[in-house]
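All chains are named by letter (A, B, ...) in the order of the sequence lines, taking the proteins before the strands, and each is independently numbered beginning at 1. Please read these numbers as outputs of a predicted model, since none were measured by experiment.
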Amino acid sequence: MAANYFAEIILPLALPGTFTYEISPEDQPYLKVGQRVSVPFGTNKLYTGIVHSFHQNKPELFKTKFIDSVLDTEPLITEIQIQFWEWIAKYYMCSLGDVYRNAFPTALKWESETFVKFIGTVAQIEENLSESEWMVVNALDKKGILAVSEIAKLVDKKSTIKIIKSLWEKGIIQLDEVLKEKYTPKVELFIKVNPELKSDEKFFNSSLEKLKNAAKQRETLLQLIVEESQSSKPIKISKFIKKFGGNHAMFRSMEEKGMVEIYDLEISRIDEIDNKTIDSEALNFEQNQALKTIGNYFEEKKTVLLHGVTSSGKTEVYIKLIEQNLEEDKTTLFLLPEISISSQMVQRIRKYFGDKVGIYHSKFNQNERVELWNKTLNDEYKIIIGARSALFLPFQNLGLIIVDEEQETAYKQTDSRPYFHARDMALVLANFYQANVILGSATPSLETYQNAQTGKYGHVQLTKRFTDVPLPKIELIDLRAAMRSKEITGDISNLLREAIIETIKEGKQVLIFQNRRGFAPVVECTSCGHSPFCPNCDVPLTLHKMSNLLKCHYCGHSQAKPSKCSNCQSLELDTKGIGTEQIEVQLESIFPKLKIARMDVDAMRRKFAYEKTLEAFEEREIDIIVGTQMIAKGLDFSNVGLVGVIRADSMLNFPDFRAHEKAFQLLTQVAGRAGRRNEQGKVLIQTYNPDHEILQNVTRYDFEKTAKDILYERKSFLYPPFLRLIQITFRHAKKEKVDKVSEAFVNLLKPNFDEKHLLGPEEPSISRIRNLYIKNVLIKIPENASPQSVKNLIEKGIASLYTVQAFRSVRIEIDVDPQ
DNA sequence: AGCACGCCGACT
DNA sequence: GTCGGCGTGCTC
């Protein structure tokens with residue numbers, strides 16, 4: 001058997017290709033593709049790399065180094081994953097290292113710049129440690145936190161990462177994650193009687209005496225004692241109220257008197273306590289038909305669009321499909337947009353499949369991610385629910401991928417490379433495993449819809465609502481007319497106000513939606529019109545009322561709110577633009593007696609704020625919630641009679657070829673929040689353009705017409721799904737350089753494209769961020785050209801730009817299929 | 001991408 | 001005299 005002398009190693013670098021290292025004779029028999037190795041890089045860096053392949057060709061252009069140590073006995077990533085990573089790197093035009101960095105858990109990827117933290121004390125250590133391990137532990141005991149590069153100075157450099165890995169596996173050290181915010185799981189409120197009250201007769205009697213004028217509380221207290229004696233299970237407040245009546249205020253009053261304790265528990269833990277799974281429900285006729293049709297499409301190896309209106313029962317179909325997949329002993333990957341991870345959907349899936357379900361979420365800490373990684377590798381979970389990053393888990397026998405809410409733009413990664421779209425990559429991954437794919441949506445993306453129309457995907461529709469209640473009635477309110485006749489207060493028209501009053505009278509609740517894109521208030525001088533701008537970015541600063549600070553949402557710059565205009569010294573400063581905060585204030589002044597809450601990123605920052613607001617709304621302690629998209633997605637409210645949209649126009653006038661598509665989706669989604677259980681709800685949309693095609697279509701729930709209209713426009717103006725886009729962004733601190741390089745790039749490509757397919761360089765609406773000037777070039781891949789040939793042209797163009805020394809400092813970023 | 005090396009301006 | 005600015009070149 002010929003020995004493998006060299007290994008190609010994947011390193012977490014933004015450099016093309018893999019890196020060649022020599023394998024020592026003693027490592028040769030054990031080294032396998034997919035294992036982690038520790039390698040030296042540059043002058044004094046250490047990296048954890050992945051074995052990509054073996055060969056015996058000594059490189060002639062550079063001197064190879066040796067692999068320091070092999071970190072695993074078995075591969076941690078599968079060969080399919082390596083192929084998948086390579087596919088992504090090629091398609092999204094980034095390096096294999098970019099994919100590795102993003103796809104692999106940080107805690108398994110120690111490198112020089114990683115910081116480690118000592119947990120516990122020296123005295124607590126029971127394991128046998130080697131001499132070098134003790135050296136590291138003692139150093140950490142003194143300092144608390146050390147970088148891997150610092151540890152490398154203490155011990156044999158070659159075994160540094162091995163030592164760290166061993167200590168980490170023994171639970172002695174931890175990755176330092178200080179800056180990572182903690183994931184807050186969904187909680188439920190519970191109640192228990194103060195144990196002292198039950199054991200101390202005096203306390204018991206005095207308590208009852210105190211409640212002699214509060215019959216309901218007295219009765220509740222006694223009932224609680226009875227409940228506790230009958231079962232050891234914790235008592236859910238919501239369940240107790242349903243059974244015996246009462247309200248939260250009452251429990252809080254009892255808590256103040258020290259008779260009971262209110263506490264919270266994570267839902268997932270409760271499920272462990274209450275670990276009975278239930279059988280899936282029988283499907284109705286339409287769902288059964290859908291299931292059969294899906295099965296037929298799967299036979300043909302076709303992706304299926306499951307297109308069903310709100311409440312049409314997509315979840316039940318998903319569950320049956322998972323069951324079928326399970327019967328073949330195959331794994332299911334269930335993708336959800338990040339925001340929906342805490343939704344009822346996840347709870348329902350867990351209810352059916354119990355501990356076969358693993359959940360992967362970007363806010364899980366590194367230990368939890370590693371645990372899920374290993375359990376997936378060992379095939380311990382048969383169902384994985386996760387956001388887009390779950391796509392990178394080491395699946396063993398993937399049989400089905402479900403992409404729920406496939407139209408959500410959250411599936412596209414925009415913050416770091418690779419800029420991949422999880423829905424699209426789900427199809428690629430499925431192809432590697434020969435797995436089936438379901439794309440689910442009430443308002444599919446036009447890409448998916450087009451594929452379903454042309455027969456590339458199977459199209460399965462669910463049109464009947466589960467409960468047979470008609471969809472909410474949607475009406476438009478003409479803001480221009482309201483302004484003319486002065487039938488408006490602030491941003492609330494009289495019609496909307498009347499409807500709110502009516503709804504509250506009927507004992508129902510109200511949701512008011514204000515799109516976040518209608519930006520929070522900007523400070524403006526009333527005499528000269530000047531607004532303070534960010535010193536680093538080309539954007540006006542945003543006023544944060546609570547802290548009285550002006551903040552930049554792009555670079556984080558913040559400054560105190562000035563008392564006078566910096567331009568004309570006038571003291572008359574006003575705010576412009578409407579955010580949720582302002583709508584809340586307006587509603588409070590119109591309805592001083594109603595309880596109003598706000599639900600947006602700012603208001604939900606406090607721990608459990610989200611859970612508490614939801615709970616209070618469910619218990620009807622809140623009359624109106626004002627919110628952003630947050631209220632539109634994934635929430636099931638049962639008592640909403642009215643949904644109001646403050647201003648639909650900001651969504652429609654957004655300079656983006658997807659604006660209309662997104663507006664339709666969002667408005668339809670918001671409308672779906674009204675009147676879910678057994679009565680028809682009402683939706684009022686305020687707008688300056690009541691004649692707008694899209695809004696008219698929204699009122700009729702006419703997805704087909706909307707899709708047809710938009711697709712027609714997309715076809716004539718050359719946009720997806722009729723062709724693919726690639727956006728190239730140029731950034732530099734000097735404006736002239738950005739202009740020059742982007743211009744040179746376009747000139748290089750011009751011979752290969754006509755002016756309809758090569759656009760720019762264009763200045764984006766925000767032309768400078770973090771002191772870097774920005775220019776964009778947009779390429780529309782012609783229908784008759786191969787995407788790969790266009791990508792090759794782009795790469796060649798950049799390479800030839802980089803032959804000019806002065807051009808190299810301009811950062812060039814490529815976004816394939818930009819959102 | 002990072003990072004070391006190297007050559008010029010404003011400070012103790 | 002030095003500290004540190006970023007332009008340049010390299011990483012298996």
Side-chain angles (χ1 to χ4, degrees), chain A residues 4-24 27-28 31 33 35-71 82 85-86 88-89 92-104 106 109-115 147-150 152-153 157-158 161 413 415-419 728-738 740-741 769-773 795 798-815:
Chain A
N4 294 310
Y5 299 110
F6 296 99
E8 292 301 315
I9 306 293
I10 306 170
L11 293 182
L13 301 169
L15 292 169
T18 51
F19 292 80
T20 314
Y21 283 85
E22 200 164 347
I23 309 165
S24 68
D27 284 340
Q28 280 181 24
L31 206 56
V33 169
Q35 279 175 337
R36 291 179 302 163
V37 290
S38 157
V39 294
F41 188 80
T43 39
N44 46 22
K45 286 211 82 164
L46 291 173
Y47 282 118
T48 304
I50 303 281
V51 180
H52 170 273
S53 54
F54 300 111
H55 61 88
Q56 290 156 34
N57 319 318
K58 188 176 171 64
E60 285 171 13
L61 296 169
F62 48 83
K63 205 173 163 285
T64 52
K65 292 177 177 172
F66 275 93
I67 288 170
D68 275 347
S69 55
V70 181
L71 300 177
I82 294 183
W85 289 5
E86 283 182 318
I88 289 177
Y92 288 104
M93 302 180 76
C94 65
S95 76
L96 196 51
D98 282 326
V99 186
Y100 167 44
R101 216 202 295 242
N102 188 273
F104 200 67
T106 314
K109 212 170 41 191
W110 311 95
E111 55 190 73
S112 313
E113 300 322 303
T114 310
F115 284 89
V148 170
S149 57
E150 294 171 287
K153 289 176 201 156
K157 212 177 130 192
K158 288 188 176 172
I161 290 183
Q413 175 150 301
D415 53 355
S416 58
R417 275 172 308 194
Y419 303 118
I728 300 123
T729 304
F730 299 80
R731 284 193 184 84
H732 197 273
K734 294 197 180 92
K735 191 168 188 317
E736 318 83 71
K737 261 200 169 163
V738 184
K740 215 170 167 182
V741 175
I769 293 176
R770 290 170 194 269
N771 279 327
L772 296 175
Y773 289 88
E795 255 159 19
I798 292 173
S800 83
L801 281 181
Y802 276 173
T803 57
V804 182
Q805 185 55 249
F807 286 180
R808 287 194 196 174
S809 55
V810 174
R811 292 180 190 202
I812 304 178
E813 202 74 69
I814 307 172
D815 188 354

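Straight-line distance from the CG atom of A/Leu11 to the C1' atom of B/dA1: 13 Å, rounded to whole Å. A/Leu13 has its CG atom 12 Å from the C1' atom of C/dC10, to the nearest Å. Across the protein-nucleic acid pair, A/Leu15 atom CG and B/dC3 atom P stand 13 Å apart, rounded to whole Å. For A/Arg731 and B/dA1, the CZ to P distance is 11 Å, given to the nearest whole Å. The CZ-P distance, from A/Phe41 to C/dC10, rounds to 13 Å in whole Å. Distance A/Glu113 CD to B/dG2 P: 10 Å, rounded to the nearest Å. Look at CD1 on A/Ile23: it is 17 Å from P on C/dC12, rounded to the nearest Å. Taking atom CG on A/Leu772 and atom C1' on B/dA1, their separation rounds to 15 Å, with Å as the unit.
When all heavy atoms are compared, the tightest approach of A/Arg731 to A/Leu772 is CD-CD1, 4.1 Å.
Not one side-chain nitrogen or oxygen of A/Lys45 sits closer than 4.0 Å to the OP1 or OP2 atom of B/dG2. Not one side-chain nitrogen or oxygen of A/Gln805 sits closer than 4.0 Å to the OP1 or OP2 atom of C/dG7.
Nearest nucleotide to the A/Thr43 side chain, out of C/dC12, B/dA4, B/dG2: B/dA4. Taking every side-chain heavy atom of A/Asn44 into account, B/dA4 is the closest of B/dG2, B/dA4, C/dC12.
Nucleic acid contact for A/Glu22: none, since no nucleic acid atom lies under 4.0 Å from a heavy atom of the residue.
For the pair A/Phe19 and C/dC12, the ring geometry does not qualify as stacking, because the centroid separation below 5.5 Å and plane angle under 30° are not jointly satisfied.
The 12-atom threshold is not exceeded at NZ of A/Lys740, counting heavy atoms of other residues, nucleotides or ligands nearer than 6.0 Å.
Geometrically, A/Lys65 does not engage A/Phe19 in a cation-pi contact defined by less than 6.0 Å to the ring centre and at most 45° from the axis.
The side-chain heavy atoms of A/Ile814 and A/Ile798, taken from C-beta on, include a pair separated by under 4.5 Å.
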Please determine whether side-chain contact (heavy atoms from CB on, under 4.5 Å) holds for the pair A/Gln35 and A/Val70, giving the CA-CA distance in whole Å, both sets of side-chain angles, and the decisive distance to 0.1 Å.
CA-CA 8 Å; A/Gln35 279 175 337; A/Val70 181; 3.8 Å; yes
